[in-house]
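Scope of the values below: all heavy atoms of this structure, side chains included, with no hydrogens, waters or symmetry mates. The first residue of the sequence shown is numbered 1, and numbering continues consecutively from there.
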Amino acid sequence: MLQEETTKAPADQPPLPPSSEATDSPSNIKSSPSLSPDLDIALSDSVKAAINAVSTSATSLTVSAGVVAAATTAAQEPSDRNNDLTEPPAPGPIPPPKNIQATRPYISSPPLPPLPTESVVPTNIQPNLLSPRDQEAADQAILEGINAFFNNKFSVARTSFESHARDDLLYSLWLSAMAVIKAILSNSAKDVEAAIDALNITYQFADGQVQAASAKKPLLDTVSHIFSNLMGTNTTGLPTNTAPLNHDELKDHPKFMSNGALRAHLIKAECGLLMSLVHLSQESVLGYLKMGFNLRRAYSSYSLVWQEYKKMGQDFHKYMDSNTVSAVQFGIGSVHLLLSSLPPKILKIISAFGWRADRNLGFALLKLCLESKCIRAPLASMMLLSYYVLLASHAPLVLSKSLIQPAVDCLLEARQTYPNSIFFLYFAGRVSRLTRNLPLSSQSFEYAHQVSLGDWAEVAMGSLASYEVALNLAMELKWTEAADAFATQVPVRSRPAFCKFFHGACLEMAGNRSEAIIAFAEAGKMVSKGASQIDHFVAESVKFYEQSGYQNLDLSLPALEIFLLWNLLPCMLDSALEKCLRMVDESLAKIYERERQEYQIRNVEIAPESSPPHYYNERATLLLIKCSILNALTRSNEAIPHLNWILDNKDKITYAKWVVPFTYWEGGVTSWCMEKYERAVELWHLALGVSGYTFEYRLAIRLNLVITHALDLGIGVPKASLEEASKVDKPEASNSTPLSQRVKRWSLPGNILSSTFAPSSTTSTPSASAQPSSTSGPHTPIKAPNAL
């Protein structure tokens with residue numbers, strides 16, 4: 001475990017430049033409107049208060065671009081148009097969220113030119129010979145650019161990073177990191193290519209410094225490291241045969257690798273780590289392969305620096321500057337946290353490393369990096385927030401109750417230094433959505449977009465924020481507004497086919513059938529070769545609608561189908577869910593009536609030309625949507641007969657192959673909500689056994705997360721699997737502890753960020769009167785009449 005002490009600068013070293021926004025602590029933030037009264041997620045009062053505090057900026061600062069400009073002009077000293085608003089107006093009632101692009105299209109203001117990628121690697125690279133203390137003093141200058149970046153002054157930050165990008169590795173790394181963040185925000189192929197090019201330049205620059213310092217990894221250590229991994233004696237992938245030097249050895253002034261060489265190795269590793277994050281965001285098999293290659297390359301350098309760090313023992317601060325130590329913490333922690341979230345299906349694609357990711361180690365190192373307040377602290381905050389928010393979004397009914405509070409705690413801590421950063425405002429919007437406060441979520445996204453206008457992040461953040469607001473509008477069942485919002489996304493998003501498809505789905509839900517059909521047809525033509533999982537889903541859906549000439553569109557609810565696959569139904573209010581439930585029942589009734597009419601023909605005509613009715617695909621999809629809605633409404637016992645019907649007829653479901661594995665997933669959620677935890681894990685394992693369907697890797701990630709969560713609780717895992725898993729993450733609660741107590745006491749690793757998981761105990765035992773009949777009703781196909 002890394003030491004928690006950090007290196008302090010000498011007394012004569014200039015202090016860190018003060019941040020003008022550092023005074024905006026949570027205690028000084030004005031109160032915002034409380035959460036919705038019908039919020040059914042069990043959050044503590046402290047969590048609610050924290051979420052309201054985090055979202056204050058989005059609630060009280062939702063002003064038009066003209067107001068921002070007027071406030072800036074009225075200031076005594078003109079400054080960057082994106083300066084934070086430190087005196088927000090008093091919060092009032094939350095207005096209905098507006099379509100951002102209807103107010104002002106974000107592409108109307110020409111953005112700054114993109115980051116240069118045609119730069120060449122600096123020639124005649126010299127080794128970095130600065131001592132740790134001199135390096136810390138030299139790093140003070142880059143803090144100006146980092147603070148400007150997280151205070152939304154992107155042009156200032158970029159100018160600062162570019163000024164020394166060809167002679168200082170850290171400046172080059174942060175310039176590349178800007179390109180990476182933009183690529184992940186926009187998911188544009190052009191931005192992704194620019195980010196990879198920028199990282200390659202920085203990587204070659206760092207490798208040049210390593211070569212100049214003659215600081216390569218000894219061959220003997222490399223062989224020993226590989227052997228220990230293959231033999232299974234090293235579960236973390238870090239060198240384990242290196243012991244700290246004793247007191248006598250340290251007295252002899254041992255020769256460690258220079259601080260500049262260690263720094264170059266770490267920046268090489270960070271380039272590989274950032275490349276892997278970019279490739280992971282593509283959600284493709286090729287992206288997973290590239291991610292694995294870059295993670296392997298990164299971890300090789302991290303292991304070398306870790307080995308040197310262990311030799312230094314308690315005196316590491318004499319040989320390494322504080323920012324280099326934080327780079328070790330951030331890099332190794334991020335790799336372990338990332339790999340611990342990936343399922344075996346993806347790990348098999350990227351080729352197993354020979355060691356297992358240690359989630360506890362990842363949390364501990366990232367937390368140490370966060371507490372150090374060094375250069376990489378804001379990146380550690382973003383990494384932890386991404387972990388919490390993405391995991392909770394993958395399985396809201398299982399994980400969100402445990403992950404919301406640590407996410408809010410991390411968000412509040414980050415806002416103490418950067419209160420109005422658009423990145424943390426974006427996470428505030430995602431957290432508000434998980435708590436089912438959609439108006440507040442939309443306002444967070446709107447404000448994040450408004451403060452980015454006219455600068456480097458305008459296009460990327462504007463596109464992302466508009467997309468998130470469009471999702472919120474659809475989840476509020478404002479179909480016409482949502483359709484207009486998605487229409488504006490088609491020309492600017494990296495996946496226009498999906499936005500066009502969602503546009504058509506909203507038009508269909510709004511009753512505009514003719515326009516919806518045109519949108520679906522256009523969406524099918526937008527799918528390109530080498531498409532992602534999402535594009536495959538669009539192509540399959542459009543093809544299915546076209547088979548019936550769009551005559552069976554009445555029997556489908558495409559927008560609710562997207563809500564199901566994106567796990568958005570648990571984030572909707574009960575009133576909206578009840579409306580969705582009525583829509584599903586109406587569509588099931590239409591299938592029932594269609595079958596009745598078609599079988600009636602067979603009562604009066606011998607060998608009719610029409611085929612017997614076959615609506616298993618439509619009925620199965622609708623029933624699965626209904627089960628998800630019932631789970632979100634805490635009426636899980638009513639979902640059982642519908643789940644059984646799908647599984648009983650799984651061989652007849654030929655179109656949507658994803659329905660069966662997602663039924664196992666939803667069945668596991670149903671069992672979990674009914675506190676039948678062992679059965680839930682069994683059903684999730686059955687889902688893992690299905691392959692060859694759309695969204696296979698997305699569901700595999702979701703399943704891995706909930707199964708790992710159950711393992712942490714010691715629930716429903718076979719004895720052999722428990723023994724094997726205990727080598728990686730030993731559950732905190734022993735098997736001798738009663739199950740009810742184990743479920744209610746789950747803490748995140750290392751007591752770093754803790755929360756309480758308490759499954760709903762209000763679900764009643766299903767009774768005969770509460771369960772709909774499994775042999776009658778609109779979800780049951782009409783049988784053919786008996787032969788005469």
What residue pairs, at least two apart or across chains, pass ring-ring contact (aromatic ring centres under 6.0 Å, His included) with a residue in residues 473-495?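 Passing the test, one end in residues 473-495: F486-F502.
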Looking only at heavy atoms, which two atoms of [X] and [Y] are closest? And how far apart?
X: Y616; Y: I653; result: O-CG1, 4.3 Å
X: L399; Y: A392; result: CB-CA, 4.5 Å
X: Q533; Y: T694; result: O-CG2, 3.5 Å
X: S340; Y: A357; result: N-CB, 3.5 Å
X: A474; Y: A482; result: N-CB, 3.7 Å
X: A687; Y: P661; result: CB-O, 3.6 Å

Student check: side-chain heavy atoms of [X] and [Y] closer than 4.5 Å:
X: Y388; Y: I404; result: no
X: L339; Y: S341; result: no
X: V490; Y: M526; result: yes
X: L699; Y: L688; result: no
X: I181; Y: L185; result: yes
X: V459; Y: V492; result: no
X: F149; Y: S421; result: no
X: L703; Y: P343; result: no

Indicate whether any N or O donor in one side chain lies under 3.5 Å from an N or O acceptor in the other, for Q597 and E593.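 Short answer, yes.
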W658: what forms a ring-ring contact (aromatic ring centres under 6.0 Å, His included) with it, not counting sequence neighbours?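 If we apply the ring-ring contact (aromatic ring centres under 6.0 Å, His included) test to W658, skipping adjacent residues, the hits are F662.
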Partner residues of F695 under the ring-ring contact (aromatic ring centres under 6.0 Å, His included) criterion, sequence neighbours left out: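 ring-ring contact (aromatic ring centres under 6.0 Å, His included) list for F695, sorted by chain: F537, W566.
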Can you tell me how far the [atom1] atom of [X] sits from the [atom2] atom of [Y], to the nearest 0.5 Å?
X: L622; Y: L564; atom1: CG; atom2: CG; result: 10.5 Å
X: I184; Y: K182; atom1: CD1; atom2: NZ; result: 13.5 Å
X: L199; Y: M275; atom1: CG; atom2: CE; result: 4.5 Å
X: L471; Y: Q489; atom1: CG; atom2: CD; result: 9.5 Å
X: L280; Y: L338; atom1: CG; atom2: CG; result: 6.0 Å
X: E696; Y: I701; atom1: CD; atom2: CD1; result: 11.5 Å

All N/O donor-acceptor pairs, side-chain side in residues 423-431, below 3.5 Å, sequence neighbours left out:
{"from": "Y426", "atom 1": "OH", "to": "R430", "atom 2": "NH1", "distance (Å)": "3.0"}
{"from": "Y426", "atom 1": "OH", "to": "E468", "atom 2": "OE2", "distance (Å)": "3.0"}
{"from": "R430", "atom 1": "NH2", "to": "S393", "atom 2": "OG", "distance (Å)": "3.2"}

Which residues satisfy the salt bridge (Lys or Arg N to Asp or Glu O under 4.0 Å) test with [X], sequence neighbours excluded?
X: E578; value: R635
X: E666; value: none
X: R698; value: E283
X: E522; value: K500

Can we say R619 and E595 salt-bridge, meaning some charged N sits less than 4.0 Å from an Asp/Glu carboxylate O?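 Judged by the 4.0 Å cut-off on N to carboxylate O distance, R619 and E595 do form a salt bridge.
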Does the [X] side chain pair with the main chain of [Y], one donor and one acceptor, at a distance under 3.5 Å?
X: S281; Y: V278; value: yes
X: N552; Y: S548; value: no
X: N617; Y: Y655; value: yes
X: N649; Y: W645; value: yes
X: S276; Y: N294; value: no
X: T435; Y: S432; value: yes
X: S463; Y: A460; value: no
X: N512; Y: E508; value: no
X: R297; Y: G272; value: no
X: S587; Y: M583; value: yes

Could I get the full list of side chain to side chain contact (heavy atoms under 4.5 Å, CB included) partners for K579, not counting sequence neighbours?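 With sequence neighbours excluded, K579 shows a side chain to side chain contact (heavy atoms under 4.5 Å, CB included) to L477, R582, given in chain and number order.
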Derivation of the side chain to side chain donor-acceptor pair (under 3.5 Å) call for S176 and T202: CA-CA 7 Å; S176 301; T202 303; 2.7 Å; yes
With T670 via side-chain hydrogen bond (donor to acceptor under 3.5 Å, both in side chains) - residues at least two apart: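 Testing T670 for side-chain hydrogen bond (donor to acceptor under 3.5 Å, both in side chains), a comparison that skips the adjacent residues, returns N631.
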For E546, enumerate each residue passing the side-chain hydrogen bond (donor to acceptor under 3.5 Å, both in side chains) test, keeping only those at least two apart in sequence or located in another chain.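 With neighbours one apart ignored, the set is empty.
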Sequence neighbours left out, what pairs pass side chain to side chain donor-acceptor pair (under 3.5 Å) with at least one residue falling in residues 554-564?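 Qualifying pairs, neighbours excluded: R513-D554.
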Under 6.0 Å from the six-membered ring centre of Y467 and within 45° of its axis: does the NZ or CZ of R493 meet both?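 Yes, R493 sits over the ring of Y467.
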Measuring centre to centre across the rings, with the benzene-like ring taken for any Trp, is H503 within less than 6.0 Å of F501?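 For H503 and F501, the ring centres are not under 6.0 Å apart.
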Steps toward side chain to side chain contact (heavy atoms under 4.5 Å, CB included) verdict (V706, W665): CA-CA 10 Å; V706 294; W665 156 258; 3.7 Å; yes
